[in-house]
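Numbered from 1 within each chain, the chains take letters A, B, ... in sequence-line order.
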Amino acid sequence: MVRVRFAPSPTGPLHIGGLRTALFNFLFARKNNGKFILRIEDTDQLRYVPGAEEYIIEALRWVGLDYDEGPDVGGHYGPYRQSERINLYRKYAEELVEKGWAYYAFDTPEELEAMRLRLREAKSPVQLYNHLTRDGMKNSFTMSQQEVKARIEAGEPYVIRFNMPADRQIIVHDIIRGEVKVNSNTLDDKVLFKSDGFPTYHLANIVDDHLMEISHVIRGEEWLPSLPLHVLLYEAFGWEAPQFAHLPLILKPNGKGKLSKRDGDQMGFPVFPLDWTDPKTGEKTRGYREWGYLPEAVINILAMLGWNPGTDQEIFTLEELIDQFSLERVQKSGAKFDPDKARWFNQQHLRRKSNEELAKMFLPILQSHGIDVDMGYLLKVIDLMKDRVEFVEEFWSKGYFFFKPPQDYDAKGLKKAWKEQTPQIMRDLKDKIAQIKNFTAENIEKELKEWVEEKELSFSKVFTPLRLLIQGTTSGPHLFEMLELIGKDEIIKRIEAGLQNIEKKK
RNA sequence: GCCCGGUUCGUCUAGUGGUUAGGACGCCAGGUUUUCAACCUGGAGGUCACGGGUUCAAGUCCCGUACCGGGUGCCA
């Protein structure tokens, strides 16, 4: 039985890198008829951010990554918040102490810092709390059992550290990267259990993965360095380890490093799935959803960052991804995020939506501008504009003139298309339009083109200024379809008003 | 510093010993259009990080170097 989990820490809004990790877990689970579990890893009281868990849940729901077990949906392996499992971990830490795989330590943060400083200044190649240095510290190795016991009973703060064996060649297997070899001498005696009574990630993670019968651990590459420790922990407990897969990181578009919040703000693309307001600073960050991205597009963008099907197909639905996904085809190297391609993905998914669906999404935007419109009319507008937008919002910014007269006339367009004789041509054209009886796109086109030819004018000399008067800019949807839709009376009104406005300006 | 990982057009990538190194985004040009977008056609863009091997043959296998990234916390 395949059981995978997404185990975020509620220390802030979910980052798209985290969302991709969730996606790959989800796809792997669904592909293999397994279970996808959400587990909240809130063992760090200091970094806990209120609202972060709700944010994570809402984000997963928005993109459609439904989990089978989790804090808000329950399941047989709960609870799914580590803070609610808190009394469970100490026992396991102590079990390791009994087995000799862990020990108590009483060093203060200052003492630890002093040790690191000392090693660094001595230019020691290995600067770790390990078998070489622990003899100089305050722990079970340097104190009698009685003293250890006495200190604990006296309520002195202590931690439980892993007893990292010396000089062991650890070979771990990663589904994506193959074999990774590490010598235990380069590893340290990690803290497993903190003095505040909480486990560290390493302990809680292994205990919970085991208790929840996780079969595959799919997580970000930042965890690869701690994989040997985790494998050793499974060995220490005598448990069978799950299989591991470490996903490549999502990197900044230009420059170097992991994608961060700043990048999005500076380069004009979101880094978070949803809007987020920092509860402490009040700082707001925009999300994909509010930016106008479709959840389908976000999924598609993330899926193609580090994975590919081995075919030329690039546009996928969630179902198609489930069908074709495999961990073996996940890339080893980090992928730079490409904002341009992200927009393209959104455009592609937008075009695959029906006019009705798009109308439904556009309606609230229209309402926010105080526009109340007939659905039949709306659907026609969408049909005309669909190939010209990348985001739903652009139905308004690029097509608001379908709903109200232009507010302004594009200066560049005027300069280029508005000539000496243009006002007269437009007046004549208005009269011509007024005479058209059968006001359909086809007929308008026929009659106006004939008229232009009779008058020995050029199309561009007539139609570009006309477009300017009707919509305020020189580029846009099919002119005659647009004229039909907006309607004869309104067209004539706009020509008259436009002539006045433009001449007034001059 | 030490440890781990990575390195194919600007970007995402195909490629598992023998191909003119393929596709997509972006960019440019032409076609179509009153215009823009969409669409169609074409183009530029890669000494497969570099240096050594192995081999009849290497982007593909091995070693080294460089660069990039990650880790190195009583954070996850």
Practice task
Return the value, rounded to whole Å, for the distance between atom CG of A/Leu224 and atom P of B/G5.
Solution key: 7 Å
Problem - A/Arg151 to A/Phe106, cation-pi by 6.0 Å centre distance and 45° axis angle - result: yes
Completion exercise
Assign each of A/Val159 and A/Gly306 the nucleotide of RNA chain B bearing its closest heavy atom; nearer the 5' end lies the nucleotide of A/Gly306
Handout entry: Paired nucleotide for B/A76 [Watson-Crick or G-U wobble; both distances under 3.5 Å]
Key = none
Exercise for the section: Select base, sugar-phosphate, or nothing to describe what A/Arg47 touches, counting heavy atoms under 4.0 Å on all strands. Expected result: base
Completion exercise
Here the distance between atom P of B/G71 and atom NZ of A/Lys190, to the nearest Å, is 12 Å
Practice task
Could you pick out which residue, A/Leu249 or A/Tyr158, lies toward the 5' side of RNA chain B when each is mapped onto its nearest nucleotide?
Solution key: A/Leu249
Practice task
Using a heavy-atom cut-off of under 4.0 Å over every strand shown, decide if A/Leu466 touches base, sugar-phosphate, or nothing.
Solution key: nothing
Exercise for the section: Measure the distance from CE on A/Met115 to C1' on B/U72 and round it to the nearest whole Å. Expected result: 12 Å
Problem - Under 4.0 Å protein heavy-atom contact, by nucleotide of nucleotides 16-36 of chain B - B base, S sugar-phosphate only - result: -------SBB--------BBB
Completion exercise
In Watson-Crick or G-U wobble terms, with both distances under 3.5 Å, the base opposite B/C25 is B/G10
Practice task
Select base, sugar-phosphate, or nothing to describe what A/Lys181 touches, counting heavy atoms under 4.0 Å on all strands.
Solution key: sugar-phosphate
Practice task
Report which part of the nucleic acid A/Arg351 touches: base, sugar-phosphate, or nothing (heavy-atom distance under 4.0 Å, all strands).
Solution key: sugar-phosphate
Fill in the blank from the handout: A/Asp174 CG to B/G6 P, in whole Å, measures 9 Å
Exercise for the section: Assess whether atom CD of A/Glu442 is packed by more than 12 heavy atoms of other residues, nucleotides or ligands within 6.0 Å. Expected result: no
Practice task
Both distances under 3.5 Å, Watson-Crick or G-U wobble: report the partner of B/G59, or none.
Solution key: none
Exercise for the section: Using whole Å, report how far CD of A/Glu222 lies from P of B/C3. Expected result: 21 Å
Handout entry: Side chain proximity check, A/Gln127 to A/Arg116, heavy atoms < 4.5 angstrom
Key = no
Handout entry: Cation-aromatic face contact A/Arg20/A/Phe24, 6.0 Å, 45 degrees
Key = yes
Exercise for the section: Please work out if A/Arg120 contacts a base, only the sugar-phosphate, or nothing of the nucleic acid, heavy-atom cut-off 4.0 Å. Expected result: nothing
Practice task
Have a look at A/Asn183 and say if it touches a base, only the backbone sugar-phosphate, or nothing, with a 4.0 Å heavy-atom cut-off.
Solution key: nothing
